[in-house]
S.K.: 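Quick one: the structure is below, and I'll ask about it shortly.
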Amino acid sequence: MSQSITLLRSLDRRRFLMGSAGVLAAGAAFRFPTPAIAQAAPLKVGFMLPYSGTFAKLGKFIDDGFRLYVEQQGGSLGGRPIQFFQVDDESKPEAGTDNMNRLVGREKVDVVVGTVHSGVAMAMVKVARDTNTMLIIPNAGVNEATGPLCAPNIFRTSFSNWQVCEPMGKVMFDAGHRNVVSITWRYAAGQQMVGAFAEGFIKAGGKVVEELALPFPEVEFQALITRIATLKPDAVFAFFAGGGAVKFVKDYAAAGLSKSIPLYGAGFLTDGTIPAQGEAANGIKTTLHYADNLDNAANKAFLTAFKTKTGQDGDIYAVQGFDAAALMAAGLSATKGDWAARTQVVAAMQAAKFDSPRGPLSFNKANNPVQNVYLREVRNGRNELVSVAGQAVNDPARGCRAPA
Ligand code: PHB
């Protein structure tokens, strides 16, 4: 079943998109005894994601992954038909509060699913806390969301910035590298990811000789690549994603550095980007909570279904969207579709354990995933599994007083 999406003009000229999958609403009304009438009404899911800009593909894949799960359940979760609302957050933190308020205040959604960018997510977390709105973060890794700002109504189906990068420190040290340069965008995710990598690398005995950064979402990498060539480190650790990652990897190879100074990174550097990066991506090693060729039944079924639905190869973003819907389904099934039974919904989501395409997935006390982190290498146009860099990695949730 494909969802229809109607483009609307928003009052303040930003793009506002709205779609509906509420096709089962009428039939479902007869499935529940009273007082379940409200439980048969469509559940309003508000996507706040980047549908434009450097992270546009990431947002679209999260959206597609979520819808795939709902479609596989026949258009409803726990008996509730799902109605979708979409806001393009453009990865602009300064618009985050307004965009969130539009979904929560104007559209009165039951849950917000978003976003990709850590800075935007910070604004969303604040509104979610102030309004007690259920929020599921399907990508942004900002540590605070499941750290000092943790709350029972805030879940994440992706990762924390710390979680996917700290294990890389030991990996690079064990590969013989001692002096490393890091490079990223200067914003929360970039800083936290290179910080976590440095934490692991220094602990192992390595040294970060220089931390290079440029403003998000700039892609003028030349001066920084020249600096890397001058410093001649043993290796480079990078975080970029989406369109920016495509350009960085190509520029790095074009400057002739890939052979002499091996490039490593957070897995976002090469996830969903390899077709556009081409040969330049070959041999890049990254850590992430996913690898394309994970040999488990859930991953194989997911990749086949995603390809059938979209014509494209699934990636971590699609998986995170898919799992966001699965997590909601856990809460809704436990209450027979009663999303308003918040305590039980939250308890069921916190206790959820499932076989995600990424491998075993459960949640810690801060509602952040506990999951394997894999070392991958780009080979044959894919992020292929090399080894498990960290088994059931649990973010320390620094600053979180148990939200439940
Ligand atoms: C983030 O801003 O948290 C972020 C953005 C893109 C990614 C990963 C993390 O691929």
Side-chain angles (χ1 to χ4, degrees), residues 65 136-147 150 152 154-174 192-193 195-197 199-201 203-204 264-268 271 285-302 315-327 329-331 346-377 383-404:
I136 302 180
I137 302 172
N139 185 72
V142 64
N143 294 333
E144 287 82 348
T146 54
C150 72
I154 298 172
F155 280 80
R156 176 146 61 191
T157 57
S158 49
F159 58 91
S160 76
N161 290 326
W162 180 92
Q163 192 174 29
V164 288
C165 294
E166 196 274 347
M168 186 51 117
K170 186 170 170 356
V171 167
M172 287 180 70
F173 188 85
D174 289 350
Q192 293 182 349
M193 288 200 211
F197 155 69
E199 186 183 320
F201 190 55
K203 196 166 113 202
Y264 292 75
F268 313 106
D271 231 84
K285 292 201 181 86
T286 60
T287 43
L288 201 69
H289 47 303
Y290 186 60
D292 293 324
N293 61 337
L294 283 183
D295 190 15
N296 68 61
N299 191 37
K300 286 181 189 154
F302 168 78
D315 61 14
I316 187 55
Y317 306 103
V319 169
Q320 292 169 167
F322 187 78
D323 287 343
L327 181 62
V346 166
M349 286 169 64
Q350 282 173 337
K353 282 188 179 21
F354 40 92
D355 292 323
S356 162
R358 73 186 84 177
L361 176 62
S362 60
F363 295 85
N364 71 3
K365 64 161 188 172
N367 301 340
N368 192 66
V370 178
Q371 56 196 343
N372 295 338
V373 171
Y374 306 99
L375 175 64
R376 313 105 50 84
E377 179 174 351
N383 287 292
E384 293 196 347
L385 176 68
V386 175
S387 61
V388 178
Q391 190 92 38
V393 180
N394 187 2
D395 180 275
R398 292 169 186 148
C400 170
R401 289 190 227 137

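Starting from 1, each residue takes its place in the sequence as its number.
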S.K.: Is any side-chain heavy atom of N368 less than 4.5 Å from a side-chain heavy atom of Q163?
M.R.: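 Side chain of N368 against side chain of Q163, heavy atoms only: contact under 4.5 Å found.
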
S.K.: Between CD1 of I154 and SG of C400, what distance do you get to the nearest 0.5 Å?
M.R.: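 So the CD1 of I154 and the SG of C400 are separated by 10.0 Å.
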
S.K.: Can you tell me which residue among P369, C150, P138 is in a side-chain contact (heavy atoms from CB on, under 4.5 Å) with R156?
M.R.: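 It is P369, the one option of P369, C150, P138 that forms the side-chain contact (heavy atoms from CB on, under 4.5 Å) with R156.
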
S.K.: What's the shortest heavy-atom distance between G169 and A204, and which atoms?
M.R.: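 Reported closest heavy-atom pair: O-CB, 4.4 Å.
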
S.K.: Hey, could you give me the CD/CZ distance between Q350 and F363, rounded to the nearest 0.5 Å?
M.R.: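 Rounded to the nearest 0.5 Å, the CD-CZ separation comes to 10.0 Å.
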
S.K.: Between F302 and F322, is the ring centroid distance below 6.0 Å?
M.R.: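 Aromatic pair counts; centres sit under 6.0 Å.
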
S.K.: For residues K285 and M168, report the shortest heavy-atom separation together with the two atoms involved.
M.R.: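 Heavy atoms of K285 and M168 come nearest at O-CE, 3.5 Å.
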
S.K.: Test side chain to side chain donor-acceptor pair (under 3.5 Å) on Y290 and N299 and set out the steps.
M.R.: CA-CA 10 Å; Y290 186 60; N299 191 37; 2.6 Å; yes

S.K.: Sequence neighbours left out, what passes side-chain hydrogen bond (donor to acceptor under 3.5 Å, both in side chains) with K300? Give chain and number order.
M.R.: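 D295.
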
S.K.: So does V164 get a backbone contact from the side chain of N161, meaning a donor-acceptor N/O pair under 3.5 Å?
M.R.: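 Judged by distance alone, no pair lies under 3.5 Å.
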
S.K.: Holding to side-chain hydrogen bond (donor to acceptor under 3.5 Å, both in side chains), I want the full list of residues that pass it with D292, two or more places apart in sequence or in another chain.
M.R.: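 side-chain hydrogen bond (donor to acceptor under 3.5 Å, both in side chains) check on D292 returns nothing, list empty.
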
S.K.: Apply side chain to side chain donor-acceptor pair (under 3.5 Å) to the pair E144 and Q192, showing each step before the final yes or no.
M.R.: CA-CA 10 Å; E144 287 82 348; Q192 293 182 349; 2.9 Å; yes

S.K.: If you apply the rule side chain to side chain donor-acceptor pair (under 3.5 Å), what do you find for T157 with D323, and how did you get there?
M.R.: CA-CA 6 Å; T157 57; D323 287 343; over 6 Å; no

S.K.: Under a 4.5 Å cut-off applied to non-hydrogen side-chain atoms, are L288 and I316 in contact?
M.R.: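 A side-chain contact exists here, since the closest heavy-atom pair is under 4.5 Å.
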
S.K.: I need the N372 CG to S387 OG distance, nearest 0.5 Å.
M.R.: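 If we round to the nearest 0.5 Å, N372:CG and S387:OG are 11.0 Å apart.
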
S.K.: Which atom pair, heavy atoms only, marks the closest approach of A266 to C165?
M.R.: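 Smallest interatomic distance, heavy atoms only, reads CB-SG, 3.8 Å.
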
S.K.: Here's a test for you: under side-chain hydrogen bond (donor to acceptor under 3.5 Å, both in side chains), which of T146, D395, N364 qualifies with S160?
M.R.: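 Between S160 and the candidates, side-chain hydrogen bond (donor to acceptor under 3.5 Å, both in side chains) is satisfied uniquely by D395.
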
S.K.: If you measure from OG on S362 to CG on N394, what distance do you get to the nearest 0.5 Å?
M.R.: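 These two atoms lie 8.0 Å from each other.
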
S.K.: For E377 and E384, run side-chain contact (heavy atoms from CB on, under 4.5 Å): C-alpha distance rounded to whole Å, both residues' side-chain angles, the deciding distance at 0.1 Å, then the answer.
M.R.: CA-CA 5 Å; E377 179 174 351; E384 293 196 347; 5.8 Å; no

S.K.: Applying salt bridge (charged side-chain N to carboxylate O under 4.0 Å, His left out), run through E199 and K170 and close with a yes or a no.
M.R.: CA-CA 10 Å; E199 186 183 320; K170 186 170 170 356; over 6 Å; no

S.K.: Does the side chain of S356 come within less than 4.5 Å of V319's, by heavy atoms?
M.R.: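 Heavy-atom side-chain distance check passes, below 4.5 Å.
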
S.K.: Any non-hydrogen side-chain atom of T287 less than 4.5 Å from a side-chain atom of Y264?
M.R.: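 Not touching, per the 4.5 Å side-chain cut-off.
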
S.K.: Could you grab the distance from atom CG of L327 to atom CD of Q320, nearest 0.5 Å is fine?
M.R.: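 Nearest 0.5 Å value for the CG-CD distance: 12.5 Å.
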
S.K.: Show your working on side-chain contact (heavy atoms from CB on, under 4.5 Å) between R376 and L385 and close with a plain yes or no.
M.R.: CA-CA 5 Å; R376 313 105 50 84; L385 176 68; 5.7 Å; no

S.K.: Atom CD1 of I136 and atom CZ of F155: how far apart are they, to the nearest 0.5 Å?
M.R.: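 That separation rounds to 7.5 Å.
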
S.K.: Apply side-chain contact (heavy atoms from CB on, under 4.5 Å) to residues W162 and V393 and explain how you reach the verdict.
M.R.: CA-CA 10 Å; W162 180 92; V393 180; 4.1 Å; yes

S.K.: Kindly say whether the aromatic ring centers of F159 and F268 come within a distance under 6.0 Å.
M.R.: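 Yes, ring centres under 6.0 Å apart.
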
S.K.: The test is side-chain contact (heavy atoms from CB on, under 4.5 Å); show your working for M172 and F197 and say whether it passes.
M.R.: CA-CA 10 Å; M172 287 180 70; F197 155 69; 3.6 Å; yes

